[in-house]
Amino acid sequence: MPLLILFVIMPVLEMWVLIEVGSQIGALTTIGLVLLTAMLGLALLRQQGVSTVMRANQRMQSGQLPAQEMVEGIFLAVGGALLLTPGFVTDAIGFACLIPGLRQILIGRLLKKAIFRATAGGAGFYQSSRGFSAGQHSNDDIIEGEYRQDNPPRDHDKLS
């Protein structure tokens, strides 16, 4: 279903909106608006991208993992790509990915649904009734436990 939306429904919706806007304000004005939103989007992308990279560098220098900034970077890339795609619907979604307050709301909603679990067979995202998870397993595949080494390594077992 997501591929149907992405490759069939979204372009048809974009064409419909462009035709409607063009019939109201004219073709050249519509083209001008599409170009204007692309230029504004690129300027906003540059500004937000630099800000995100600077925050990521600060977090790494303080010894923290810049996880939030990494997710924001993905949203910025998606938003930038959508703003370069001609159309008003993709521009609206792209701006939502680039405007800090809206981006934080989108990321918060995504992270509420995201559950990351490592599995012995590797990790990959899948969707369950509770949202997205990593790995392709059920709760029956999870074994919780602790590891402790009782015998310390002998001198000849150590690598020099």
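To the nearest 0.5 Å, atoms CE (Met10) and OG1 (Thr85) are separated by 9.5 Å. To the nearest 0.5 Å, the span separating CE on Met70 from CZ on Arg59 amounts to 11.5 Å. From Ile9, atom CD1 reaches atom CH2 of Trp16 across 14.0 Å, with rounding to the nearest 0.5 Å. With rounding to the nearest 0.5 Å, the separation of OG in Ser23 from CG in Leu18 is 11.0 Å. In this structure, Phe88 CZ and Ile93 CD1 are separated by 14.0 Å, a value rounded to the nearest 0.5 Å. Distance check: Thr52 OG1 to Gln68 CD gives 9.5 Å after rounding to the nearest 0.5 Å.
Clustering ILVMFWY residues whenever any of their side-chain heavy atoms sit less than 4.5 angstrom apart, transitively, puts Val21 in the very cluster that holds Leu82. Cluster membership check: Ile99 shares its hydrophobic cluster with Leu83, using side-chain heavy-atom separations under 4.5 Å among Ile, Leu, Val, Met, Phe, Trp and Tyr. When hydrophobic clusters are built by joining Ile, Leu, Val, Met, Phe, Trp and Tyr residues whose side-chain heavy atoms come closer than 4.5 Å, directly or via intermediates, Ile107 is not grouped with Phe95.
Residues Glu69 and Val53 have side chains not in contact (no heavy-atom distance under 4.5 Å, counting atoms from C-beta outward). Counting heavy atoms from C-beta on, the side chains of Met60 and Pro66 come closer than 4.5 Å. Residues Gln58 and Gln64 have side chains not in contact (no heavy-atom distance under 4.5 Å, counting atoms from C-beta outward). At a threshold of 4.5 Å between non-hydrogen side-chain atoms, the residues Leu98 and Leu76 count as touching.
Among all heavy-atom pairs drawn from Gly79 and Cys97, the shortest one is CA-CB, 3.6 Å.
Not a single donor-acceptor pair under 3.5 Å links the side chain of Thr29 to the backbone N or O of Gly26.
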Distance-only check: which donor-acceptor pairs under 3.5 Å involve side-chain atoms of residues 31-47, not counting sequence neighbours?
residue: Thr37; atom: OG1; partner: Leu33; partner atom: O; Å: 3.2
residue: Thr37; atom: OG1; partner: Val34; partner atom: O; Å: 2.8
residue: Thr37; atom: OG1; partner: Asp91; partner atom: OD2; Å: 2.6

Exercise. Start with the C-alpha gap between Gln48 and Glu72, add the side-chain angles, then the distance that decides, and say whether side-chain hydrogen bond (donor to acceptor under 3.5 Å, both in side chains) holds.
Key: CA-CA 9 Å; Gln48 291 297 310; Glu72 285 186 24; over 6 Å; no
